[in-house]
Amino acid sequence: MTESRTHTLFSFGTLRDERVQTALFGGAVPTSPAALAGYTTRPLKITDPAVIAASGLDVHLILERRLGASVEGAVLHLTDQELAAADAYEVDDYTRRRVVLSSGATTWAYLDAKPLRPAERIVVVGDSIAYGRCDPRGGWAGHLAAAHIAGNEAERRLFNLAVPGSTLADVGEQTPALLAARRPDTLLVAAGINDSAVPAAGTTAQADADLPAGSSSASDSDSDSDSEETADFARLAGSLDTLAATALGHNARLVVAGPSWLDEDRTRDYEGLRFTRARALALRAFLRAWCEANHIDFLDLWEPLRERTELLVDGLHPSAEGHRALYEHLDALGR
């Protein structure tokens with residue numbers, strides 16, 4: 001039985017070449033003309049001998065965003081095995097992500113592996129850390145905006161729409177209405193730490209005091225905590241699914257930034273909530289796993305502040321120097 005060609009992949013370069021298709025797939029694959037709106041291309045030097053041998057070229061093309069531009073190409077119809085072969089062919093500078101064709105159909109395409117490098121118009125949404133609290137220069141997002149716009153003052157934009165106190169659910173609900181006027185090609189989501197907060201010790205103690213005589217919450221605490229965390233992460237997954245659909249609906253690339261390190265010994269309770277390192281680490285692991293499962297870019301911001309408590313104002317919010325460290329790390333990962 002012939003394997004079903006369940007995948008579509010937009011190609012604007014060497015994957016359209018019949019010689020390359022024969023080398024990768026054993027023969028030509030079905031293709032149809034297509035175009036990708038909102039993109040242009042730039043050259044990329046190739047050093048992998050196997051890729052050069054297959055294509056006959058040591059310079060390929062890579063996509064970058066350009067408002068009003070369009071890239072002509074073709075959609076390849078591939079089996080699971082052929083898609084895996086295409087993945088193996090592309091060098092590490094590329095990564096496979098979902099895009100929207102000019103026709104409105106969604107498909108796979110190979111984009112720049114550094115998700116902020118090809119961006120032209122970036123929207124940042126998130127919480128107080130993304131907002132830049134405790135840094136008069138606007139935090140890591142302010143540094144990113146300055147560097148990004150400096151590369152092309154006429155065309156590049158960065159809109160920081162982060163709101164202190166926001167959860168991922170808040171961001172998922174508020175973001176769709178904010179995007180149309182700003183025409184983003186990249187949606188950078190930096191939220192979740194507020195979702196990871198747990199009831200403060202005093203709140204828990206009062207809850208235990210309210211139990212009937214002879215009852216104890218201690219024996220059930222671990223299982224209750226695990227079930228609550230599972231439910232919390234299920235809700236977060238729903239919010240992320242919404243944001244992914246929102247980004248794709250605006251022909252934008254979703255990028256998720258993970259939480260930064262916190263000093264649990266210095267964080268104070270906020271409105272009955274407590275921020276713990278264990279929950280922040282669980283959030284980090286969850287976000288990474290969700291992104292990997294959904295082919296979404298994940299930028300891990302944990303390490304720049306790790307054990308550097310002097311870069312935190314209150315154990316949670318970075319100082320101006322802490323925001324600078326976060327930006328430099330994010331810049332290396334994403335640009």
Side-chain angles (χ1 to χ4, degrees), residues 8-17 33-48 51 55 57-76 86-87 89-124 141 143-160 179 182-189 244 246-257 291 295-299 327 330-335:
T8 58
L9 172 67
F10 178 77
S11 174
F12 53 93
T14 59
L15 282 174
R16 293 181 295 167
D17 190 315
L36 193 59
Y39 289 84
T40 187
T41 61
R42 63 175 173 82
L44 176 70
K45 180 71 174 179
I46 301 297
T47 59
D48 187 320
V51 175
S55 68
L57 300 170
D58 63 358
V59 176
H60 290 192
L61 297 176
I62 194 166
L63 292 165
E64 65 180 16
R65 300 308 302 254
R66 182 71 53 80
L67 188 66
S70 181
V71 174
E72 298 294 324
V75 167
L76 282 59
D87 285 348
Y89 167 74
E90 297 293 352
V91 295
D92 290 343
D93 299 88
Y94 297 90
T95 190
R96 179 161 50 87
R97 297 290 182 256
R98 300 299 293 183
V99 297
V100 181
L101 297 171
S102 300
S103 66
T106 60
T107 186
W108 293 115
Y110 292 109
L111 306 182
D112 195 318
K114 290 200 168 187
L116 304 181
R117 181 164 53 190
E120 186 174 69
R121 302 175 67 87
I122 302 172
V123 164
V124 176
H143 290 292
L144 176 62
H148 178 67
I149 295 170
N152 186 336
E153 290 275 355
E155 306 294 339
R156 291 185 177 180
R157 298 290 183 271
L158 187 146
F159 306 93
N160 188 354
L179 298 186
R182 294 167 176 87
R183 298 177 293 175
D185 54 59
T186 304
L187 177 61
L188 175 54
V189 176
T246 297
L248 198 59
H250 287 269
N251 194 21
R253 182 175 183 174
L254 179 62
V255 182
V256 176
C291 288
H295 291 269
I296 299 293
D297 299 282
F298 177 71
L299 301 179
Y327 159 68
L330 184 147
D331 187 60
L333 288 178
R335 299 178 70 238

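Since we're looking at a predicted model, the values are computed, not measured.
Here the closest non-hydrogen pair linking Lys114 and Leu333 is CG-O, 3.7 Å. Of all heavy-atom pairs between Leu9 and Ala86, the closest is CD2-CB, 4.2 Å. For the pair Leu254 and Ile296, the tightest heavy-atom approach, listed with the atom from each and the gap, is O-CG2, 3.5 Å. Of all heavy-atom pairs between Arg156 and His148, the closest is CD-O, 2.9 Å. Minimum heavy-atom separation, Pro184 to Ala252: O-CB, 3.7 Å. Minimum heavy-atom separation, Ser11 to Leu15: OG-CB, 3.3 Å.
Proximity of Leu116 to Leu330: side-chain heavy atoms (C-beta onward) are separated by under 4.5 Å at one or more points. Leu144 is listed as a side-chain neighbour of Leu188, based on a closest heavy-atom distance under 4.5 Å. Side-chain contact check for Leu36 versus Leu101: some heavy-atom pair is nearer than 4.5 Å. You'll find the side chain of Leu57 stays beyond 4.5 Å of the side chain of Ile46, heavy atoms only. Leu67 places none of its side-chain heavy atoms less than 4.5 Å from the side chain of Asp185. In this structure the side chain of Leu63 reaches within 4.5 angstrom of the side chain of Phe12, judged on heavy atoms. At least one side-chain heavy atom of Leu187 sits under 4.5 Å from a side-chain heavy atom of Val189. Counting heavy atoms from C-beta on, the side chains of Val71 and Leu61 never come closer than 4.5 Å.
Once rounded to the nearest 0.5 Å, the distance linking CD of Glu72 with CZ of Arg16 reads 9.0 Å. Here Lys45 contributes atom NZ and Asp58 contributes atom CG; the two are 3.5 Å apart, rounded to the nearest 0.5 Å. How far CZ of Arg183 is from CZ of Arg157: 9.5 Å, rounded to the nearest 0.5 Å. With rounding to the nearest 0.5 angstrom, the CD1 atom of Ile149 is 10.0 Å from the CZ atom of Arg121. Distance check, rounded to the nearest 0.5 Å: OH of Tyr89 to OG1 of Thr14 gives 3.0 Å. His250 contributes atom NE2, which lies 13.5 Å from atom OG1 of Thr186 (distance to the nearest 0.5 angstrom).
Side chain to side chain, Arg65 and Tyr39 meet the donor-acceptor criterion of an N or O pair below 3.5 Å.
When atom types are taken as modelled, the side chain of Thr8 and the backbone of Thr107 share no donor-acceptor pair closer than 3.5 angstrom. Although no hydrogens or angles enter the test, the distance criterion places no donor-acceptor pair under 3.5 Å between the side chain of Asn251 and the main chain of Gly38. Side chain of Arg97 to main chain of His295: a donor-acceptor pair is present (N/O by atom type, distance under 3.5 Å, no hydrogens or angles).
The pair Asp112-Arg253 does not meet the salt-bridge criterion, since no charged nitrogen lies less than 4.0 angstrom from a carboxylate oxygen.
For the side chain to side chain donor-acceptor pair (under 3.5 Å) test, residues two or more places apart in sequence or in another chain that qualify with Arg96 are Asp87. Residues passing the ring pair (Phe, Tyr, Trp, His ring centres under 6.0 Å) test with Tyr327 are His143, sequence neighbours excluded.
Dense packing is recorded around CG of Asn152, with more than 12 heavy atoms of other residues, nucleotides or ligands lying under 6.0 Å away.
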Practice task
Before giving the answer on side chain to side chain contact (heavy atoms under 4.5 Å, CB included), spell out for His60 and Val51 the whole-Å C-alpha distance, their side-chain angles and the decisive distance to 0.1 Å.
Solution key: CA-CA 10 Å; His60 290 192; Val51 175; 3.4 Å; yes

Problem - CA sep, side-chain torsions, deciding dist, call: Thr95, Asp297, side chain to side chain contact (heavy atoms under 4.5 Å, CB included) - result: CA-CA 9 Å; Thr95 190; Asp297 299 282; 4.3 Å; yes

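Figure legend: Arg98 and Trp108 shown as a cation-pi pair, the cationic atom lying under 6.0 angstrom from the six-membered ring centre and within 45 degrees of its axis.
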